[in-house]
Amino acid sequence: ARFDYTLAGAALDFFARADADGQRELLAFFRALAAHPTRRGDYAVMRDGRTNEVVQHGRFLVTYWPDHAVCELRITEVAWS
């Protein structure tokens, strides 16, 4: 199944504050993650009783989990690496 991605409020706030180059870089990475939603991150963290993957992409750390029930990649946090 094809996955879309969604951003939680904190991730969207970070994205909105990023410069134009950062926004382009993040959008491309979000699309790439959604194309491979079961990709393992560099490490995992537990949030709200759920395993979230964390991957470093350039200057960013992106935290996400795949919601298979609705075919969405839930991007919960974006931060500086």
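In this text, all values refer to a predicted model and were calculated from it rather than measured experimentally.
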Peer 1: To the nearest 0.5 Å, how far apart are CD1 in I75 and CZ in F15?
Peer 2: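 So the CD1 of I75 and the CZ of F15 are separated by 10.0 Å.
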
Peer 1: Once salt bridge (charged side-chain N to carboxylate O under 4.0 Å, His left out) is applied, do any residues pair with R40, and if so which ones, sequence neighbours excluded?
Peer 2: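 Result, salt bridge (charged side-chain N to carboxylate O under 4.0 Å, His left out) vs R40: E53.
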
Peer 1: Could I get the full list of ring-ring contact (aromatic ring centres under 6.0 Å, His included) partners for F30, not counting sequence neighbours?
Peer 2: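 Expected list: Y5.
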
Peer 1: In Å and rounded to the nearest 0.5 Å, what is the CG to CH2 distance from L73 to W65?
Peer 2: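 The CG atom of L73 sits 9.5 Å away from the CH2 atom of W65.
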
Peer 1: Apply side chain to side chain donor-acceptor pair (under 3.5 Å) to D19 and list each qualifying residue two or more places apart in sequence or on a separate chain.
Peer 2: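 Result, side chain to side chain donor-acceptor pair (under 3.5 Å) vs D19: R59.
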
Peer 1: Output every pair passing side chain to side chain donor-acceptor pair (under 3.5 Å) with a member in residues 29-38, not counting sequence neighbours, ordered by first then second residue.
Peer 2: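 Side chain to side chain donor-acceptor pair (under 3.5 Å) check on residues 29-38 returns no pairs.
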
Peer 1: Applying the side-chain contact (heavy atoms from CB on, under 4.5 Å) criterion to V78, which one of T63, D13, L26, L12 satisfies it?
Peer 2: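 Option passing the side-chain contact (heavy atoms from CB on, under 4.5 Å) with V78: L26.
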
Peer 1: Can you run down the side chain to side chain donor-acceptor pair (under 3.5 Å) pairs that involve residues 72-81, sequence neighbours left out, and say none if there aren't any?
Peer 2: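 Every side chain to side chain donor-acceptor pair (under 3.5 Å) pair that includes a residue of residues 72-81, provided the two are not neighbours, is R47-E77, N52-T76, Q56-S81, D67-R74, E72-R74.
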
Peer 1: Determine whether L61 and L27 fall in the same hydrophobic cluster, where Ile, Leu, Val, Met, Phe, Trp and Tyr are linked whenever their side-chain heavy atoms lie under 4.5 Å apart.
Peer 2: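 Different hydrophobic clusters.
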
Peer 1: Assess whether side-chain contact (heavy atoms from CB on, under 4.5 Å) is satisfied between V62 and F14, documenting all intermediate values.
Peer 2: CA-CA 11 Å; V62 179; F14 183 95; over 6 Å; no

Peer 1: Check whether F29 and F3 end up in the same hydrophobic cluster, where Ile, Leu, Val, Met, Phe, Trp and Tyr are linked by side-chain heavy atoms less than 4.5 Å apart.
Peer 2: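 No, separate clusters.
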
Peer 1: What pairs with R24 under side chain to side chain donor-acceptor pair (under 3.5 Å), at least two apart in sequence or on another chain?
Peer 2: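 With sequence neighbours excluded, R24 shows a side chain to side chain donor-acceptor pair (under 3.5 Å) to D21, given in chain and number order.
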
